[in-house]
Amino acid sequence: MSALPCAVIGTGQTKYKRRRELTLDGLVREAALRALDDAGLEFTDIDAVVIGKAPDALEGVMMPELSLCDALGAVGKPIHRVHTAGSVGASTAITATTLVESGMYDTVLTVGYEKQSEGNATWALSGGKSGGQGAGGTFAPWIREYIARSKAPEHIGWLVAVKDRQNALLNPYAHLHIEDISIEKVRESPMLWDPLHFLESCPSSDGAAAMVLTNEAGVKRTGKTPAWVLAHAKRTEFSMFPGRDTTRPQAGVECAEALYKKAGITNPREQIDCAELYVPFSWYEPMWLEGHLLAEEGEGWKLTDAGDTALDGSFPVNMSGGVLSSNPIGASGMIRCLEAADQVRGACGEHQVEGAKLALGHAYGGAAQYFAMWIASAELNPEL
Amino acid sequence: MGDLPVIDYTLSFPYTRTTGPVMGPFLTALRDGQILGGRCGDRVLCPPLEYDPDTGAEVAPDLVPVGPGGTVTGSTWVSTPTEKHPFAEPFAFATIALDGADTPLIHAVKAPGPVEAGTRVMAQFRDERVGAITDVYFVPEADAVEQTIAPGDEPVEITEHLIGVRIQEDLYPFRKRYAQALLDGKILGQRSPKSGKVYVPSRGYDNMERVPMTEADDVFLPDIGTVVSFTEITPIQYHGQTETDPYIRCAILLDGADQPVTGIDIRDLRPPEFKVGLRLRCVWRPPAERDVSELDNRMGAIPEGVYERWEPTGEPDVNPDELRGQAW
Amino acid sequence: MVSRATTLREPVAVVAAAQTKSHRRFEDAEPQLIMEVVNQVIEQSGLDRHDIGFTIAGSCDYLSGMPFAFVSNIDGVGAWPPVYESHVEMDGAFALFEGVVRLQLGDIDTVLVIGSGKSSPGTPRNVFPLQTDPYTMAPLGLDPISLAGLQADAMVRAGTATERDFAEVVSRSRRDAMSNPFAQVAKDISVDDLLAEPYHTTPLRQHDLPPISDGACAVLLARGATAEQLSDNPVWITGIDNRIETHHFGHCDLTTSPSTSLAAEKVGLHDGPIDVAELCVRYSPEEIVLRQAMGLADGTTINPSGGPLAAHPVMATGLIRIAEVATRLANGEGRRGVAHAASGACLQQNQLCVLDRERP
């Protein structure tokens, strides 16, 4: 036997700014109700709920599925909670997908969220102690290593920072709307962790993203435009060990290989129409293009430099504005998967890539050691 | 000389909770000496909710006063209260059907002894009220006193909660020996009995081979090594952060080790003098001044409490290309 | 709600299981506990670690007092070369649920499931209020023991149980734990002696509460023919499902557990007799609620290990129930059994896993 087909038939997002007018309940409900509305369904149509978020200490609520279950209409249903660090949003979407693929549950609601304004992520990343270096401090040496290896010019990071913020202007949900974003503005923003400037880093956002997933019968019954989950993959490696390649983690390479193989993709750069990659710091765009086999080693930054990853380029990346424009941590990975789904559903409005049929959603977490990826497809059996 | 630390810290943060369209008025009313319930279909729920708890369906906010009197429907006598409880002395947690509400509120009752179901109780408001569920408590009706509550000004839209979890444990066995070695001015690692690789500080096991390691696997390492990666940190301010000025945090591959020691703070060297490939030697503090109190079971490798600085050895730099795969 | 059994398309079996001793305070790191049980199930099955299809672990950052604590737990599993794995911030029993789901896809054959936790560095009674409603309950320090007290009180008042019934659960559990090498609290003590103890949180006494424990459990799942290759006595999972209730406990009838009854229906609990049941009885009254909600017959042996009242390594406790039932059935102590896991206070979320020596 094999996995049953599973499709996204509804998506919902909140505005990703600081949400002072909402409770935690209100935040997740805003996304969930929008996703249900998009799918033309109600809570009573949902068979199981899968939620994901980053550490409980970010909001000081332990095992929040227990206090959010009734707000998510999950009373009397199974509820499941995923936590895989920064990759959690995508991992959560994947777990929800497997519930449908297994044939055990017909229609599943999945929600990823973070209300960063309730706590402080740098505090949490520092284990609550002084002297934390933040995520940027962890990644900066690896980025310098990438630059040294690839001989990429320094403006590549600035280009990504500008391109993603320009895309964000086309996405009403994006946190940052920097109308006058420019290379100069990025370059002149404070240097936080050499070579990363302030504007090359992600913001701290509140927000939730939700999707309704269902099987073939559910797609037929609702008559909604589906995004079929053609394939998904996850891989993990240790954070630190002798000989670890931190700029091109093997787990990321193997995750991509497994994903493309499952989807029947032999030339990802050509066959995939666009990608939402988890890029919390500008340089991770070229690093993941290479690290996930979308460009040859040392060539990723050339795609960025040539404008190929722009919205109107040959391989658009982070059409929504990406993590650089909105980072509700626990939702960030789910947003990548959701945006990939909406691209192939043709539901992305102003940041739609025309004719997108196959889109990649991706997230990574921890010390660039957790990877979760999926391929959304307009067709159940696409001709590749 | 410093002592081996016994870990005892409180992971705490002043969380802020935004209160939204239902909890906000509920908490505002508590601050102002009133309890509100919320209509949900033909029931009045207390506490009020933004949704129907059975179905998740939306409920338009429709808040009505309930209490301040009510009837205990069930209770438990807490004979040994915790530091998180509303009272230091024994008290009852009870389900209280407030007058006008259809669902009981779980709250604390201050009473001389166990509170039977059926007991009439009355809300009492604390002198200091912040817009929190703890602004109120209950007492048996006979013990209630008349209160005059002056309402506050602004609606309660955001509340602060200092949430702390106290953690107490000893250093793990290897960490104990490692910390003692630092106090002695030495760096202790472990050699994997399976692969022969040397880890410092060790975790007490080899995760690559999945074997535990013991004291027999301990090895001392020289206090000389090579910078393999670094970050210049501009401290971001957050709760508990005491750093203010920029500094370098680096990883040093000690001679003979297979994995760098990370998180070493450098305050007296700067790029371009400080760079990947630079050879450094640890200059220890005098024995009496060495302090390893920063070490716990997760964070910290070679704390600043044991060294004065890391000084260049004067040897030629190591070619960074030879350090590939050690960037940390 | 559509009432139909949650069906498994692919037969899945427990082929190996291991647990650590329940330690009052384990002096080393949590990954060491994990390494111990993972190495054991790998040895039992004869499987190469690199051939495991998927690994899924359950643990809790808040118990460790450290955000992202779960990241280092992978040390005990092994993640080089890279592995296909995931993590839930739930008891290992719920991780096992995800493992069973994952095996239904038919593309992998084995899943390693882990549950681990060290409660000893913190004070569970001060940590667990953070599971309750963050606006109306957590600020009161409303802890699971007090909530268990309210549940027990509701039962006594409704006449569904007496304090003697609670003590009988404890007496039997402690006596049964004497033959469980992993148990932390084991003693031959009479009901009358227990009832002579003072109250802790009325109507509960100290012995009605679980011990504070550190420990880990690992279970290896395999599907179909692979299960039969890896074990001479695979124990098949014929149904698994969980259901949750509102966290506003004031709205609930605490003397019953409708979510457990619903899960029982979904897993086909009553399709045949149940020889052995391991229930996640963290507070003695919970056993009485669960027996009634599951409709367990008198012939069912309940918590022969002593249950969580004898050993409660939070995050592994639920998975240990599955390991216990599987091990007993594999050893011929019955044909069909059920393992229960719970999350939250007052049995808020309940999972049932039905196990059978016969392949479905």
Side-chain angles (χ1 to χ4, degrees), chain B residues 7 9-11 15 17 19 23 26-27 45-47 49 53-54 73-86 92-96 103-108 114 117 132-134 159 161 163-170 172-174 203-205 207-212 297-298, chain C residues 25 27-29 31-32 35-36 38-39 49 62 64-67 69 72 74-80 118 120-123 125-127 129-130 133-143 145-150 152-154 157 198-204 246-251 254:
Chain B
I7 297 161
Y9 70 93
T10 301
L11 178 79
Y15 292 91
R17 302 232 180 279
T19 58
M23 202 41 58
F26 174 72
L27 296 175
L45 308 181
C46 185
L49 298 173
D54 297 331
T73 61
S75 80
T76 184
W77 184 249
V78 181
S79 57
T80 52
T82 71
E83 63 205 70
K84 312 283 184 189
H85 283 154
F93 270 124
T95 46
I96 302 164
T103 56
L105 175 73
I106 299 181
H107 215 297
I133 192 70
T134 45
T159 58
H161 302 263
I163 294 176
V165 176
R166 187 175 176 191
I167 296 295
Q168 295 165 288
E169 61 183 348
D170 283 345
Y172 299 151
F174 175 80
R203 299 174 171 97
Y205 53 81
N207 62 349
M208 299 291 278
E209 304 291 342
R210 285 197 350 281
V211 287
N297 277 327
R298 300 188 184 278
Chain C
R25 188 179 274 278
E27 63 166 13
D28 218 320
Q32 296 265 24
M35 195 176 282
E36 179 183 332
V38 167
N39 286 353
R49 201 271 291 170
Y62 252 117
S64 316
M66 171 86 182
S72 61
I74 195 74
D75 282 348
V77 179
W80 187 256
K118 284 184 68 176
S120 64
T123 307
R125 201 179 178 193
N126 286 344
V127 176
L130 298 177
D133 187 81
Y135 308 96
T136 61
M137 295 178 184
L140 295 170
L142 191 58
D143 59 293
I145 297 173
S146 298
L147 284 163
L150 285 175
D153 172 69
R157 274 187 299 99
Y199 286 117
H200 182 281
T201 302
T202 60
L204 302 176
T246 178
H247 74 293
H248 291 286
F249 303 109
H251 297 179
L254 296 176

Less than 4.5 Å to any heavy atom of chain B: does that hold for the side chain of [X], its backbone, both, or neither?
{"X": "C/Tyr199", "answer": "backbone"}
{"X": "C/Pro139", "answer": "both"}
{"X": "C/Ala29", "answer": "both"}
{"X": "C/Thr246", "answer": "side chain"}
{"X": "C/Pro198", "answer": "neither"}
{"X": "C/Val38", "answer": "side chain"}
{"X": "C/His200", "answer": "both"}

Query raised in the report: Say you draw a straight line from CD of B/Glu169 to CD of C/Glu27; how long is it, rounded to the nearest 0.5 Å?
Result: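 If we round to the nearest 0.5 Å, B/Glu169:CD and C/Glu27:CD are 11.5 Å apart.
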
Query raised in the report: Just how far is it from atom OG1 of B/Thr10 to atom CD1 of B/Ile163, taken to the nearest 0.5 Å?
Result: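 Going from the OG1 atom of B/Thr10 to the CD1 atom of B/Ile163 covers 13.5 Å.
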
Is it the backbone or the side chain of [X] that comes under 4.5 Å from a heavy atom of chain C, or both, or neither?
{"X": "B/Arg17", "value": "side chain"}
{"X": "B/Pro104", "value": "both"}
{"X": "B/Ile106", "value": "both"}
{"X": "B/Ile96", "value": "neither"}
{"X": "B/Leu45", "value": "side chain"}
{"X": "B/Ala94", "value": "backbone"}
{"X": "B/His161", "value": "side chain"}
{"X": "B/Thr73", "value": "backbone"}
{"X": "B/Phe174", "value": "neither"}

Quick one: which of [options] has the most heavy-atom pairs under 4.5 Å with chain C, could you say?
{"options": "B/Gly164, B/Pro114, B/Ala132, B/Pro47", "answer": "B/Pro47"}
{"options": "B/Glu209, B/Met208, B/Arg210, B/Gln168", "answer": "B/Arg210"}
{"options": "B/Pro173, B/Pro86, B/Pro212", "answer": "B/Pro173"}

Between [X] and [Y], is there a donor-acceptor pair closer than 3.5 Å when you use the side chain of the first and the backbone of the second?
{"X": "C/Thr202", "Y": "B/Thr76", "result": "no"}
{"X": "B/Asn297", "Y": "B/Asp170", "result": "yes"}
{"X": "B/His85", "Y": "B/Ala108", "result": "no"}
{"X": "B/Ser79", "Y": "C/Thr201", "result": "no"}

Quick one, [X] and [Y] - any side-chain contact, counting heavy atoms below 4.5 Å?
{"X": "B/Arg298", "Y": "C/Ser64", "answer": "yes"}
{"X": "C/Leu147", "Y": "B/Phe93", "answer": "no"}
{"X": "C/Phe249", "Y": "C/Leu150", "answer": "no"}
{"X": "B/Tyr172", "Y": "C/Gln32", "answer": "no"}
{"X": "B/Phe26", "Y": "C/Thr136", "answer": "yes"}
{"X": "B/Leu49", "Y": "C/His248", "answer": "yes"}
{"X": "C/Thr123", "Y": "B/Arg166", "answer": "no"}

Between [options], which has the largest tally of heavy atom pairs under 4.5 Å with chain B?
{"options": "C/Arg49, C/Met137, C/His247", "value": "C/Arg49"}
{"options": "C/Pro129, C/Ser120, C/Gly250, C/Pro203", "value": "C/Gly250"}
{"options": "C/Leu204, C/Ile145, C/Leu140, C/Asn126", "value": "C/Leu140"}
{"options": "C/Ala69, C/Ala148, C/Gly78, C/Ser146", "value": "C/Ser146"}
{"options": "C/Pro31, C/Ala154, C/Ala79", "value": "C/Pro31"}
{"options": "C/Asp153, C/Val77, C/Asp28", "value": "C/Asp28"}

Query raised in the report: Does C/Asp143 pair with B/Lys84 as a salt bridge, N-O distance under 4.0 Å?
Result: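 No.
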
Query raised in the report: Do B/Ile133 and B/His107 pass the side chain to side chain contact (heavy atoms under 4.5 Å, CB included) test, and can you show the C-alpha distance, the side-chain angles, and the key distance before you say yes or no?
Result: CA-CA 9 Å; B/Ile133 192 70; B/His107 215 297; 3.7 Å; yes

